[in-house]
Amino acid sequence: MAIGRNNAGTTLDPYPKVRRMRFRFGQPEPMAHHFVQDDIPLTHLIAVLSGVFPPGEESFIRSVRKFSGEITDPVLKKRVAGFIGQEAVHGQQHRALNDQLIHNGFPIVRLFTFGPGALREKGVIMVENLVPRQVHLAFTAAAEHYTATLAKRVLGTQEIQDIPGDPEVWNLLNWHAFEELEHKSVAFDVFRDRGGPEAVRIGVMAGMYYLTIPAVSLGIVASILSDPRSWRPFKVARQSVALVRGPIVRGLLKEMRPYMRPGFHPDDIDTDELLEQWRQELFGADGELLDRIG
């Protein structure tokens, strides 16, 4: 069976559940420009990631669909359908946040805002088609491990949950993190199911291991430079040091290394208890986000 290891034999649903969410950014109170309580670098980090998410998730969906017609395992088929549905809704809701961010004065988000058939999307698809489809899928599996690792930190670290900021942005991030953990091993299992080589899987992650944080850091710098309201160099320098030393970034690369071990599986990292806790928190009988389901 190709279901995730920790899902086998537990009460957790092995199929990612697609929830049609509708977040209300800027309502009823307007969103502050630096919506993470005047923390400039962290605000721009979230803005850059939110900008990248929609085109990134569309690329992830395309990478899995390249193999979906070849999957015969019925459980994996259903998991793939759930993965695609969840990623599509993630992109939709981050676009809503991105519209608000552009309105609030984050011009760099516009770079990642383009619809189906746009020239930039065609360029992304052309690049995807230049690499072997197994490499594209390996990139998705590695990126999903990054997001799952961050999701585990966000949901499992009280210090992060206590960061003051716009409540609806945090609702979005908690929901997104929760669903990233729900489908954390789907792309990986498709890669394994279709005979993806370990050397390709590990090699792709090795490249991302060294490039992701520098690339995101450059994005944050570019975002800050494009926003005159963030031109406070001493404050930015002080807050940037705190961000690097804080619970979001500190030790992140160390947590990524096990992925490059031969035989690794994302479900080797048990997040079942964390998922159940947040399932009740967000979608239980008195769940915080029940009224956001459209």
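Here, residue 1 is the first one in the sequence, and each next residue gets the next number. Since this is a predicted model, take the numbers as computed values, not measurements.
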Give, for atom [atom1] of [X] and atom [atom2] of [Y], the distance between the pair rounded to the nearest 0.5 Å.
X	Y	atom1	atom2	answer
Glu128	Phe139	CD	CZ	9.5 Å
Arg232	Ile224	CZ	CD1	12.0 Å
His176	Leu155	NE2	CG	11.0 Å
Leu252	Leu150	CG	CG	5.5 Å
Ile40	Ile220	CD1	CD1	12.5 Å

Do you see a donor-acceptor pair shorter than 3.5 Å between the side chains of [X] and [Y]?
X	Y	value
Arg62	Thr140	no
Lys66	His136	yes
Glu273	Gln277	no
Gln93	Arg292	no
Asn174	Gln161	yes
Gln100	His103	no
Ser50	Asn98	yes

With a 4.5 Å heavy-atom cut-off, do [X] and [Y] have their side chains touching?
X	Y	answer
Ile160	Arg153	yes
Leu42	Gln239	no
Lys235	Asp38	yes

- Message: Under the criterion ring pair (Phe, Tyr, Trp, His ring centres under 6.0 Å), I'd like the reasoning laid out for Phe25 against His94: C-alpha separation, chi angles, the key distance, then a yes or no.
- Response: CA-CA 10 Å; Phe25 304 109; His94 275 282; 8.3 Å; no

Quick check against the 3.5 Å criterion: does [X] have a side-chain atom that pairs as donor or acceptor with the backbone of [Y]?
X	Y	value
Ser226	Ser223	yes
Arg20	Gly294	no
Ser63	Phe60	yes
Lys184	Thr147	no
Arg250	Val244	no
Glu168	Phe23	no
Ser59	Pro55	no
Trp175	Leu289	no

- Who pairs with Glu179 by salt bridge (Lys or Arg N to Asp or Glu O under 4.0 Å), at least two apart in sequence or on another chain? Arg19

- Message: Does the plane of the ring in Phe283 sit parallel, tilted or perpendicular to the ring in Phe178? Use 30° and 60° as the thresholds.
- Response: tilted

- For the pair Phe106 and His44, name the ring-plane relationship: parallel under 30°, tilted 30 to 60°, perpendicular over 60°. tilted

- Tell me, with the steps shown, if Arg201 and Glu144 meet salt bridge (charged side-chain N to carboxylate O under 4.0 Å, His left out). CA-CA 12 Å; Arg201 177 184 71 79; Glu144 287 294 309; over 6 Å; no

- Are His265 and Phe188 near enough that their ring centres are under 6.0 Å apart? yes

- Task: Take Arg24 and Asp291 through the side chain to side chain contact (heavy atoms under 4.5 Å, CB included) test and state the conclusion after the steps.
- Result: CA-CA 11 Å; Arg24 305 157 190 159; Asp291 65 339; 3.4 Å; yes

- Glu182 and Lys17 ion-paired at < 4.0 Å: no

Same cluster for [X] and [Y] if Ile/Leu/Val/Met/Phe/Trp/Tyr side chains link at under 4.5 Å?
X	Y	answer
Leu111	Val124	no
Ile61	Met126	no
Phe114	Ile108	no

- Message: For a salt bridge (charged side-chain N to carboxylate O under 4.0 Å, His left out) check, start with the C-alpha distance between Lys152 and Glu180, then their side-chain angles and the critical distance, and finish with the verdict.
- Response: CA-CA 9 Å; Lys152 180 173 177 286; Glu180 287 299 322; over 6 Å; no

- Report, as yes or no, whether the 6.0 Å neighbourhood of atom CD on Glu29 holds more than 12 heavy atoms from other residues, nucleotides or ligands. no

- Message: Can you tell me which residue among Ile46, Leu45, Val52 is in a side-chain contact (heavy atoms from CB on, under 4.5 Å) with Leu49?
- Response: Leu45

- Item | Derivation and outcome, salt bridge (charged side-chain N to carboxylate O under 4.0 Å, His left out), residues Lys78 and Asp73 | CA-CA 9 Å; Lys78 290 182 180 180; Asp73 184 291; over 6 Å; no

- With side chain to side chain contact (heavy atoms under 4.5 Å, CB included) as the test, would you mind laying out the steps for Gln86 and His90 before giving the verdict? CA-CA 6 Å; Gln86 285 190 339; His90 294 175; 4.2 Å; yes

- Task: Kindly state each residue pair satisfying ring-ring contact (aromatic ring centres under 6.0 Å, His included) with at least one member in residues 66-86, sequence neighbours excluded.
- Result: Phe83-His183

